[in-house]
Peer 1: 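What follows is a structure written as structure tokens; I'll ask about it next.
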Amino acid sequence: MNKLSIKLGTVFFLIIFGLETFMFFFLHSALVDSRVEEELTSLQARGNSHSSILEKQFNEDTISHVTLMESEANTDVVITNIAGPILDSSVPSKDIIEYLEKSVSDIPREGQIVEDNWKEESFISTVSPIEINGQTMGFVYMFQNTESIHSLIERLNDHFLLTGFIAISLTFIIIIILSKALVNPLIKMKEATFKISKGDFSVSLPKTGKDELGDLAESIQLLADDLNYLKQERNDFLASISHELRTPLTYIKGYTDIVHRRNLSIEDRDKYLTIILEETHRLSDLIKDLFDLAKIDKNSFVIQKKLIDLTDFVFKIEQKFTPAFLEKNMSLVVECPNNLYLTADPSRLEQIIFNLLDNAIKYSAPGDKTTLTVSSKKHDVHIRIADNGKGIPAEDIPYIFNRFYRVEKSRSRALGGTGMGLAIVRELVLAHGGTITVHSEEKKGTEFEIIFKGAEKR
Ligand SMILES: Nc1ncnc2c1ncn2[C@@H]1O[C@H](COP(=O)(O)OP(=O)(O)OP(=O)(O)O)[C@@H](O)[C@H]1O
Ligand SMILES: [Mg+2]
């Protein structure tokens with residue numbers, strides 16, 4: 001048995017036990033008292049009715065008639081005259097004489113109780129006066145054996161014992177049910193959280209139902225699954241980082257070794273130094289990207305929003321990028337309405353568009369065309385960057401925003417890609433409260449659409 005169920009069980013047991021004891025004493029004494037009271041009242045009423053008969057005819061006949069009646073009942077009568085001597089009685093035994101001596105002098109008209117100590121005495125008794133013309137002629141004593149009361153109490157005790165036994169058995173059954181239904185799931189959850197705290201996220205909690213316990217179990221399961229996913233992602237991420245860092249470092253090391261050899265022509269030397277320089281750039285770009293992402297993750301990333309004149313902004317981008325497109329025999333077409341403004345961080349917005357245009361160049365062929373279209377719908381700014389390049393296979397689309405994800409690892413690397421561009425783009429768009437979607441078809445082209453809230457027309 002586990003601790004919580006013992007606690008619950010004890011509390012439950014004490015409550016039931018307390019209730020039972022209280023009921024026993026309260027109900028028991030109330031029942032007995034009212035029963036004794038009832039007996040005394042009816043005894044006294046019977047005595048009164050005898051005395052009123054005797055008041056009508058106080059003679060031997062009537063007296064023997066009354067005693068005869070009582071000899072058949074389970075009560076007894078003793079009739080005395082005013083001086084005390086017994087005139088007649090329905091009891092042969094003389095045990096009851098002592099009660100007669102207890103009788104009080106001023107007995108009210110409606111009679112009174114002589115003995116009500118049912119616990120110790122063998123009789124309870126009442127007395128009623130016989131008054132004729134305002135003068136007391138004698139007394140009618142009524143007696144009842146206390147055996148019937150004692151047997152009632154015995155029966156009551158038996159009942160209480162039985163209910164007590166049933167209540168205690170029920171308590172035990174309830175404790176067992178409680179510990180199954182309530183405590184066992186809790187223990188499972190405790191074990192699960194302990195496992196999680198030790199770094200083992202492979203927990204599986206059974207579904208217990210739609211109550212609070214079920215909700216708690218579901219939350220713990222969700223937490224474990226999320227942590228498991230994060231752990232997996234972190235491991236993948238670290239593996240990718242070390243791989244990405246190792247590749248350029250291998251190049252740098254290899255070519256530096258070669259350059260060290262003395263018998264190299266000037267051209268070869270320059271060629272190798274250029275490669276070393278390129279790889280160094282790649283390394284520093286990668287580290288910058290990682291740093292950017294780490295800052296976004298830590299929320300220590302500051303977005304300095306300004307009102308941007310999009311026409312002007314897009315024109316500058318076009319100027320910056322056209323040479324890169326022309327160099328590869330590609331074209332860039334830019335469309336933006338006049339007087340459209342957006343509140344955003346200009347350098348971050350540029351970084352977003354830069355990464356997307358960079359991809360358009362990298363994954364298109366000479367002769368292909370890329371369009372950058374800015375438009376506004378209601379209060380939103382839509383920025384679309386569409387190319388008719390090689391497109392992205394449908395099965396890769398869900399992953400392209402993941403860190404280090406590249407469709408063709410080797411080709412992308414040859415183009416200088418590390419798979420960080422879109423991950424950064426997405427984080428930056430989200431940090432601005434915007435959304436980014438992609439539509440792509442292999443060999444037809446790719447279109448990214450970014451929607452920012454807060455378009456302003458002036
Ligand atoms: N316009 C596009 N056309 C075709 N494929 C694309 C396009 N944009 C992205 N992709 C695919 O998505 C992958 C991820 O893009 P992402 O910009 O994140 O990485 P990258 O361009 O390879 O490297 P980086 O941007 O870090 O230099 C790319 O490797 C490429 O396969
Ligand atoms: Mg890219």
Side-chain angles (χ1 to χ4, degrees), residues 233 236-237 239-248 251 277-297 317 320-321 324-325 327-334 347-373 383-431 435-450:
E233 190 159 277
D236 291 353
F237 184 59
S240 307
I241 289 183
S242 60
H243 177 79
E244 294 304 327
L245 290 176
R246 209 175 318 120
T247 318
Y251 279 105
L277 194 66
E278 269 172 14
E279 293 299 323
T280 318
H281 277 314
R282 181 203 285 278
L283 259 185
S284 74
D285 282 351
L286 177 64
I287 288 166
K288 190 186 150 290
D289 284 352
L290 282 172
F291 197 61
D292 270 356
L293 276 173
K295 273 202 291 191
I296 297 174
D297 280 350
I317 295 233
K320 264 193 205 170
F321 264 90
F325 276 89
E327 196 185 320
K328 300 239 167 144
N329 266 328
M330 298 171 191
S331 57
L332 171 66
V333 179
V334 168
S347 61
R348 300 302 178 191
L349 188 60
E350 193 179 324
Q351 200 178 352
I352 293 169
I353 293 173
F354 175 92
N355 275 330
L356 293 176
L357 289 179
D358 178 55
N359 283 352
I361 296 176
K362 276 200 285 194
Y363 307 111
S364 297
D368 285 347
K369 181 176 121 181
T370 300
T371 50
L372 163 60
T373 324
I383 301 175
R384 288 193 314 121
I385 291 167
D387 63 55
N388 51 5
K390 60 192 295 222
I392 307 167
E395 66 266 25
D396 290 297
I397 291 181
Y399 308 107
I400 54 166
F401 291 103
N402 290 359
R403 292 162 196 196
F404 296 117
Y405 193 85
R406 284 163 295 185
V407 175
E408 287 173 86
K409 284 243 173 218
S410 51
R411 270 208 60 194
S412 172
R413 199 194 128 75
L415 294 168
T418 55
M420 296 292 271
L422 288 180
I424 292 175
V425 165
R426 190 184 58 174
E427 297 296 340
L428 290 176
V429 170
L430 292 181
T435 56
I436 180 163
T437 48
V438 58
H439 295 281
S440 186
E441 236 180 284
E442 253 187 302
K443 295 189 183 114
K444 289 210 171 143
T446 307
E447 179 186 305
F448 286 95
E449 183 172 33
I450 304 167

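We count ligands from 1, going down the list as the structure has it; atoms in each ligand are counted the same way.
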Peer 1: How far does CG of Leu372 sit from CG of Leu356, to the nearest 0.5 angstrom?
Peer 2: 9.5 Å

Peer 1: Could you tell me whether some N/O pair between Asp358 and ligand 1 is separated by less than 3.5 angstrom?
Peer 2: no

Peer 1: Below 3.5 angstrom, do we get any N/O pair linking Glu408 and ligand 1?
Peer 2: no

Peer 1: Is the cationic atom of Arg384 (NZ for Lys, CZ for Arg) positioned less than 6.0 Å from the six-membered ring centroid of Phe448 and within 45 degrees of its normal?
Peer 2: no

Peer 1: Verify side-chain contact (heavy atoms from CB on, under 4.5 Å) between Ile383 and Glu449, making sure each step is shown before the conclusion.
Peer 2: CA-CA 6 Å; Ile383 301 175; Glu449 183 172 33; over 6 Å; no

Peer 1: Which of the atoms in ligand 1, numbered in the order shown and given with their element, are less than 4.0 Å from a heavy-atom of Lys362?
Peer 2: 20 (P), 21 (O), 23 (O), 24 (P), 25 (O), 27 (O)

Peer 1: Within the 4.0 Å heavy-atom shell around Ile392, which atoms of ligand 1 are there?
Peer 2: 4 (C), 5 (N), 6 (C), 10 (N)

Peer 1: For atom 30 (C) of ligand 1, which of the options Phe354, Tyr399, Tyr363, Phe404 provides the nearest non-hydrogen atom?
Peer 2: Tyr363

Peer 1: To the nearest 0.5 Å, what is the distance between NE2 on His243 and OG1 on Thr247?
Peer 2: 4.0 Å

Peer 1: With atoms numbered from 1 as shown, which atoms in ligand 1 lie under 4.0 angstrom from a non-hydrogen atom of Tyr405?
Peer 2: 13 (C), 14 (C)

Peer 1: Taking atom CZ of Arg426 and atom CD1 of Ile424, what is their separation to the nearest 0.5 Å?
Peer 2: 12.0 Å

Peer 1: Measuring from non-hydrogen atoms of Gly389 to any atom of ligand 1, is the shortest distance under 4.0 Å?
Peer 2: no

Peer 1: Report the part of Leu356 in contact with ligand 1, treating N, CA, C, O as backbone and CB onward as side chain, heavy atoms under 4.0 Å; options are side chain, backbone, both, neither.
Peer 2: neither

Peer 1: Between Thr446 and ligand 1, find which residue part has any heavy-atom pair under 4.0 Å and reply side chain, backbone, both or neither.
Peer 2: side chain

Peer 1: Quick check: does Ala423 get an N/O under 3.5 Å from an N/O on ligand 1?
Peer 2: no

Peer 1: When rounded to the nearest 0.5 angstrom, what distance separates CG in Leu245 from CD1 in Ile287?
Peer 2: 6.0 Å

Peer 1: About how many Å separate OG1 of Thr446 and CD1 of Ile385, when rounded to the nearest 0.5 Å?
Peer 2: 11.5 Å

Peer 1: Which atoms of ligand 1 have any heavy atom of Gly421 under 4.0 Å away?
Peer 2: 16 (P), 17 (O), 18 (O), 24 (P), 25 (O), 26 (O)

Peer 1: Taking N or O atoms only and a 3.5 Å limit, does Gly419 qualify as a polar contact for ligand 1?
Peer 2: yes

Peer 1: Taking distance alone, with N or O pairs closer than 3.5 Å, would you say Asn359 contacts ligand 1?
Peer 2: yes

Peer 1: With the side chain counted from C-beta on, respond yes when Asn388 and Lys444 share a heavy-atom pair under 4.5 Å apart, and no when they do not.
Peer 2: no

Peer 1: Between Glu408 and Lys390, is there a side-chain N and carboxylate O pair less than 4.0 Å apart?
Peer 2: yes

Peer 1: Could you check if a side-chain atom of Lys328 sits within less than 4.5 angstrom of a side-chain atom of Pro366, using non-hydrogen atoms only?
Peer 2: no

Peer 1: The Mg ion (ligand 2) to Asn355: any N/O/S contact under 2.8 Å?
Peer 2: no

Peer 1: Can you tell me if Asp387 contacts ligand 1 (heavy atom of the residue under 4.0 Å from the ligand)?
Peer 2: yes

